[in-house]
**Q** 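Here it is, the structure in full.
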Amino acid sequence: MDRERLDIELRELEREGVLTASQRGQVAARLVPLLPKKVDGVSRFVSIVAMLGAALLASGILMFFAANWASFPQGFKLFLIFATLLGFHHFGYRLAEDPGRSPRIGRALTATGVLLFGAAIGLIAQIYHLTSHHHHAFLVWWLTSIPFVLLTRSRAILAIVVTIFLGWLALESGVWLDDHLERLRFEGWLAAYAVLGLAVAALFRGLIALSRRGGASHFEDVFRRMSPPIAIAGVYAITFRDVLESDSGAIPWLVFGPALIVGGVAAALLGFELLRRRDDRRAARTDALDGLLLLGTASLFVVLIRFAPAATAIVANVVLLGGLLALIARGVQLRAPAYVNWGVLAFLVVVITRYFEYLHAFLDPFWSFLGAGALMLYFGRFIERRRKDLISRAALAGDRDDFPSTDAMEAPR
Amino acid sequence: MNPVPRGRRVKYLLALVPQLAFLLYMIAAAERTLVLGTPVELAIQPFDPIDPLSGRHLVVPLAIERVDPGSALVMGEPLEVGQTVFVLLDRTERPTEVISIQTYPPQAGVLHLRAVVRDAGPPIVLDYGLERFFIPLDATDPSLHRDADGRRPELRLLVRIDGEGRGVTEDLLVDGESFADWNRSIAK
């Protein structure tokens with residue numbers, strides 16, 4: 001319900017004699033603060049259209065290059081790479097800042113410029129047939145894009161830069177595992193990335209704290225939205241009963257090397273935040289405690305995978321289901337609809353997965369499909385009724401200070 | 001509309017500097033090696049991996065990627081996976097062959113390539129970072145080509161190596177001919 005509709009209904013009650021004029025004013029004063037904040041739908045729409053437009057423009061340019069690449073002289077290829085990169089940044093700056101007539105389109109062009117730098121590295125590597133054992137190109141792409149996040153204070157650009165970081169981390173962890181563990185089996189890779197996922201989610205909780213400290217609290221939202229799916233994917237990967245139960249030998253400690261480094265950084269950030277905020281807001285302390293809980297879960301799985309692999313899947317299922325319920329509850333508590341959505345979606349995926357994993361083998365296809373269909377319908381009904389209710393409770397009073405919305409792509413400078 | 005402070009424009013330019021510097025470094029390092037480096041011809045067994053994400057290229061596994069410890073000296077500490085080694089090359093042979101592998105840098109002026117150990121062996125498997133040769137989308141794949149007699153062309157990778165052992169691919173030689181020239185002659 002919006003303000004206008006509430007006003008109409010209250011006037012109607014006054015006309016019917018249920019409320020007096022002064023009572024109507026008192027009821028309105030009590031209810032209006034509880035209404036959801038009005039979302040600037042047009043601004044959000046412009047941002048999305050601008051981002052899509054810039055991405056399509058960049059794709060079109062790249063496809064034109066690709067189609068004619070072989071016929072261009074080498075010098076012209078290099079000129080095109082630099083001209084395109086500089087062009088996007090120039091027009092991005094002009095439109096967003098000076099004179100700044102279309103800030104959202106300008107930011108979309110700058111975001112595309114950040115993406116194009118990765119394409120520029122790839123194209124130059126292609127011209128000179130360069131390859132690299134380590135993924136230094138991703139590292140440079142990530143590090144040199146950070147200044148654009150700080151300058152523009154754009155959440156969209158931050159999300160791009162964090163995604164580049166995750167890409168680099170995943171690829172470089174693969175190189176690390178390849179270099180240190182010859183002929184590592186599939187379960188070793190799975191264990192490594194599962195624990196790494198939990199460590200990254202904990203790191204993101206630490207970065208929420210760092211964002212607050214650095215006066216960039218509007219960046220929190222990006223880390224908040226990205227941490228649940230990463231943690232869920234990490235635990236989900238080790239919930240399959242057959243994967244880690246094999247007696248092919250213990251998974252070596254070294255597998256957890258990348259997760260240990262990321263987890264160490266996360267622990268330092270979270271510990272510091274917890275000490276600093278001893279007397280501070282409860283929500284802030286809760287964030288730090290959530291992060292430490294994620295690290296504790298990662299440590300538990302390291303011990304289980306190493307010493308009791310057969311028990312890992314059972315514990316992972318219990319932890320995942322408990323964690324998803326906690327995530328939904330936290331979504332309602334923090335008024336964060338994204339948490340509720342992630343929780344409900346992941347819960348559905350887990351139940352369907354377990355259904356097929358455990359029951360499918362014992363049932364005739366006839367009963368199997370009937371059961372799956374009934375399960376899906378039940379969840380459809382659940383999502384239709386309960387999720388709406390949870391979302392409306394989560395969004396009841398709009399966004400709180402410690403969980404800002406993403407309605408605006410930009411934060412005020 | 002408030003005027004934008006001059007410092008803000010400078011900050012944007014400064015943010016761009018590291019990115020531009022890195023791209024220029026990539027170009028300058030490759031060009032320097034191509035101009036000043038020592039050319040060597042390396043035997044290869046290429047194939048087209050059909051990788052839609054990386055642009056059309058041939059994977060060009062070098063013959064010197066796999067080294068039998070019996071045929072080349074291994075000097076220094078025992079080899080470990082992930083370790084950087086220095087592979088001394090004999091340029092008088094065609095294609096170029098491995099003389100020795102050492103875990104410490106050779107003396108100045110000695111022709112060598114840096115590599116990362118992928119498998120300590122035997123055989124020792126090395127990664128030189130020279131595993132791709134990009135070709136145009138409409139080019140003939142030389143790894144599949146047969147001439148009128150059914151003969152496969154002899155393929156070699158022409159690489160320039162700088163004094164620090166870094167190699168840059170200059171060309172793919174098809175029966176001794178530059179790939180671009182060979183591709184043009186096939187297209188006619």
Side-chain angles (χ1 to χ4, degrees), chain A residues 65-71 74-75 78 81-82 85-86 89-90 92-94 96-101 110 113-114 116-118 120-134 136-137 140-141 143-152 175-183 413, chain B residues 1-6 8-9 11-27 29-31 33-34 53-58 60 80-84 115-120 127-139 157 159 168-172 180 183:
Chain A
F65 283 179
N68 299 279
W69 197 241
S71 56
Q74 183 169 313
L78 294 174
I81 291 169
F82 280 95
L85 182 66
L86 289 171
H89 278 298
H90 171 75
Y93 173 76
R94 296 285 293 172
E97 306 260 347
D98 183 12
R101 292 197 178 94
T110 303
V114 168
L116 280 176
F117 178 62
I121 295 175
L123 288 170
I124 290 173
Q126 187 174 331
I127 290 170
Y128 291 103
H129 310 286
L130 303 175
T131 53
S132 173
H133 179 67
H134 291 277
H136 296 320
V140 171
W141 186 10
L143 288 175
T144 60
S145 298
I146 291 172
F148 291 102
V149 177
L150 301 176
L151 267 176
T152 60
V175 172
W176 195 91
L177 293 170
D178 252 347
D179 283 354
H180 291 84
L181 297 154
E182 284 181 73
R183 301 179 190 93
R413 275 198 303 277
Chain B
M1 195 174 291
N2 294 329
V4 176
R6 187 180 167 78
R8 193 140 181 86
R9 193 176 307 164
K11 282 179 187 170
Y12 261 87
L13 286 171
L14 287 176
L16 258 177
V17 165
Q19 296 200 336
L20 296 177
F22 180 74
L23 296 179
L24 289 171
Y25 165 76
M26 282 178 77
I27 296 166
E31 286 291 347
T33 306
L34 287 174
L53 294 176
S54 305
R56 191 177 178 205
H57 64 275
L58 300 175
V60 286
E80 288 176 17
V81 174
Q83 181 183 18
T84 298
V116 175
V117 178
R118 304 286 296 161
D119 191 334
D127 179 358
Y128 296 91
L130 296 167
E131 65 208 27
R132 288 181 180 190
F133 186 84
F134 288 89
I135 61 174
L137 274 175
D138 56 354
L157 200 64
V159 172
V168 174
T169 301
E170 184 174 358
D171 209 341
L172 177 70
N183 189 48

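In what follows, every chain begins at residue 1, and chains take the letters A, B, ... in the order their sequences are listed.
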**Q** Measuring heavy-atom distances to chain A, does B:F133 have an atom under 4.5 Å in its side chain, in its backbone, in both, or in neither?
**A** both
**Q** Is there a donor-acceptor contact under 3.5 Å from the side chain of B:R118 to the main chain of A:D178?
**A**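 Flag not set: sc B:R118 to bb A:D178 has no pair under 3.5 Å.
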**Q** Does any backbone or side-chain atom of A:L86 lie under 4.5 Å from a heavy atom of chain B? Answer side chain, backbone, both or neither.
**A**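 Only the side chain of A:L86 comes within 4.5 Å of chain B.
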**Q** In terms of heavy-atom pairs under 4.5 Å, which option from B:V17, B:L20, B:V168, B:L13 contacts chain A the most?
**A** B:L20
**Q** Go through A:L123 and B:F134 one step at a time and tell me if the side-chain contact (heavy atoms from CB on, under 4.5 Å) criterion holds.
**A** CA-CA 11 Å; A:L123 288 170; B:F134 288 89; over 6 Å; no
**Q** If you look at every heavy atom in A:T131 and B:G129, which pair is closest and at what distance?
**A** OG1-O, 2.8 Å
**Q** Please walk me through it: do B:V60 and B:L130 pass side-chain contact (heavy atoms from CB on, under 4.5 Å)?
**A** CA-CA 8 Å; B:V60 286; B:L130 296 167; 6.0 Å; no
**Q** Check the angle between the aromatic planes of A:H136 and A:H134 and answer parallel, tilted or perpendicular using the 30° and 60° thresholds.
**A** parallel
**Q** Give, as side chain, backbone, both or neither, the part of A:L143 having an atom under 4.5 angstrom from any heavy atom of chain B.
**A** neither
**Q** For each of B:E80, B:Q19, B:M26, tally heavy-atom pairs with chain A at distances under 4.5 Å, and name the one with the top tally.
**A** B:Q19
